[in-house]
Colleague: 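My structure is below; once you've seen it, I'll send some questions.
Within every chain, numbering begins at 1; the chains are lettered A, B, ... in the order of the sequence lines, protein sequences first and strands thereafter. These numbers come from a predicted model, not from an experiment.
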There are 2 protein chains.
Amino acid sequence: MAIQKITKDEILLKSSDVFRVKGYHNTSMQDLAEASGLLKGSLYYHFPSKEMLMKDLLVSIHTYLTNKVFLIAEDTSLTPEERMEKLLKKMGKLLLEKEGGCLIGNSILETVGVVPEFQSVLKVIMDDWTKALQTIYVTRKSSEQSFRLAQQTIMEFEGAVMFSKLYNERQFLYEAFARTMIKLK
Amino acid sequence: MAIQKITKDEILLKSSDVFRVKGYHNTSMQDLAEASGLLKGSLYYHFPSKEMLMKDLLVSIHTYLTNKVFLIAEDTSLTPEERMEKLLKKMGKLLLEKEGGCLIGNSILETVGVVPEFQSVLKVIMDDWTKALQTIYVTRKSSEQSFRLAQQTIMEFEGAVMFSKLYNERQFLYEAFARTMIKLK
DNA sequence: GTCTATATCAAGATAGAC
DNA sequence: GTCTATCTTGATATAGAC
């Protein structure tokens, strides 16, 4: 029994950076192995295929967001503005402000309709993200309007991330954050 | 000299559908050849590489948008509302409402930072799209505000296309169109 | 659990016949 | 201009040693 060089979760963490920057189809098992400090063949001890590795990654992102980020929306010890700001900051650090943009947004455009395995996880992430924002907006607006606002907010974020990537200029995302705070008023 | 089975432009047209639905890296020359009714090797008579084929496609899209769509914004025989509506309808048909979403948006997320050849064309398309919308907004708002509004409008469109793709529901895009008409007021 | 080695296949691309 | 045939590479994935 050889020494445990790296855990499954660590491989997923390293892989997420590669997928985000290079894209799903353009990333090889070779790339992922290098990022993890393993050799190509060793990855197949942890994951049966590149597709399952990616799916595990998406599920683990969903789990993390659910347990560590989205529940900020329900923290009644904070004002709605404070909740919104705290949630946006975390989403920024975890997903939106990273090099290569948003792994979730990238994956939606690249894989929906092409790799059916991923679609349901991607949907659930977006559903729960929407619900979290709705929970904050609903302190000030109707349930229906909050739902729409939540969706529009995420759309703006993803569009802003696209612009940030194209023009290599993070300001687009920060301005979208600022507009979101205004929408809450 | 054999019969001309297909022209360069026809290959680009067929290829755009494949790239949009399957993505750039996930599309093979085989796929493009099939879509064009040719065999793989024959494509290399028309284009030196897959990368150059894609670049030609992006340039031809930019040329078409410049000559047939963006100049609607300057048609002073129409009211700003009429110009906006006409331009949005055309952009919808050409780019946004298609199966697989928006080829330009897809390509930005998939290739910027990975295939440097494409970035400048993608930028110019977004620049000119922004300018066109700005030209319409500026009839009602300041130059600076029109520029911001134009950028935000496109971000919203791209975000809406992402949602439309994920949830297989075009309504997201149509609602973004409606919000754009309201912004002009 | 990670390594080395390898099987298998599909990709991008080229050469030459027609 | 398109075809057939082929080269070369790099990809996913597996087998077995350590």
Colleague: Any carboxylate oxygen within less than 4.0 angstrom of a Lys/Arg side-chain nitrogen, looking at B/Lys14 and B/Glu10?
Modeller: no
Colleague: Pairs in or reaching into residues 36-56 of chain B: which pass ring pair (Phe, Tyr, Trp, His ring centres under 6.0 Å), with residues at least two apart or in two chains?
Modeller: none
Colleague: Before giving the answer on side chain to side chain contact (heavy atoms under 4.5 Å, CB included), spell out for A/Val112 and B/Met162 the whole-Å C-alpha distance, their side-chain angles and the decisive distance to 0.1 Å.
Modeller: CA-CA 10 Å; A/Val112 169; B/Met162 187 183 286; over 6 Å; no
Colleague: Dot-bracket for DNA chain C, please. Rules: Watson-Crick or G-U, both distances under 3.5 Å, ( ) within the strand, [ ] when a pair crosses earlier ones, | for another strand, . otherwise.
Modeller: ||||||||||||||||||
Colleague: For B/Asp75 and B/Ser77, which I'm curious about, is there any donor-acceptor pair between the side chains at under 3.5 Å?
Modeller: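 B/Asp75 vs B/Ser77: donor-acceptor pair found between side chains.
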Colleague: Taking ring pair (Phe, Tyr, Trp, His ring centres under 6.0 Å) as the cut-off, I'd like each qualifying pair that reaches into residues 87-124 of chain B, sequence neighbours left out, listed once.
Modeller: B/Tyr24-B/Phe118
Colleague: Run the side chain to side chain contact (heavy atoms under 4.5 Å, CB included) check on B/Leu65 and B/Asp128 step by step: do they pass?
Modeller: CA-CA 9 Å; B/Leu65 291 174; B/Asp128 290 353; over 6 Å; no
Colleague: For A/Lys22, which of A/Asp17, A/Asn106, A/Asp31 qualifies under side chain to side chain donor-acceptor pair (under 3.5 Å)?
Modeller: A/Asp31
Colleague: Find the distance B/Gln4:CD to D/dG1:P and express it as a whole number of Å.
Modeller: 5 Å
Colleague: A side-chain contact here means heavy atoms from C-beta on lying under 4.5 Å apart; do B/Lys8 and B/Asp56 qualify?
Modeller: yes
Colleague: Anything under 3.5 Å between a donor and an acceptor, one on a side chain of residues 84-97 of chain B, the other on a protein residue two or more places apart or in another chain? List them.
Modeller:
from, atom 1, to, atom 2, distance (Å)
B/Glu97, OE1, B/Tyr174, OH, 3.2

Colleague: Name every residue in residues 33-56 of chain B that has at least one heavy atom under 4.0 Å from any atom of DNA chain C, in order of residue number, or write none if there are no such residues.
Modeller: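 B/Lys40, B/Gly41, B/Tyr44, B/Ser49, B/Lys50 - these, ordered by number, are the residues of the stretch whose heavy atoms sit under 4.0 Å from the strand.
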Colleague: Quick check on contacts: within residues 5-26 of chain A, what sits under 4.0 Å from DNA chain C by heavy-atom distance?
Modeller: A/Lys5, A/Ile6
Colleague: Might you work through the salt bridge (charged side-chain N to carboxylate O under 4.0 Å, His left out) test for A/Arg20 and A/Glu99, ending with a clear yes or no?
Modeller: CA-CA 8 Å; A/Arg20 183 164 22 74; A/Glu99 183 198 352; 5.7 Å; no
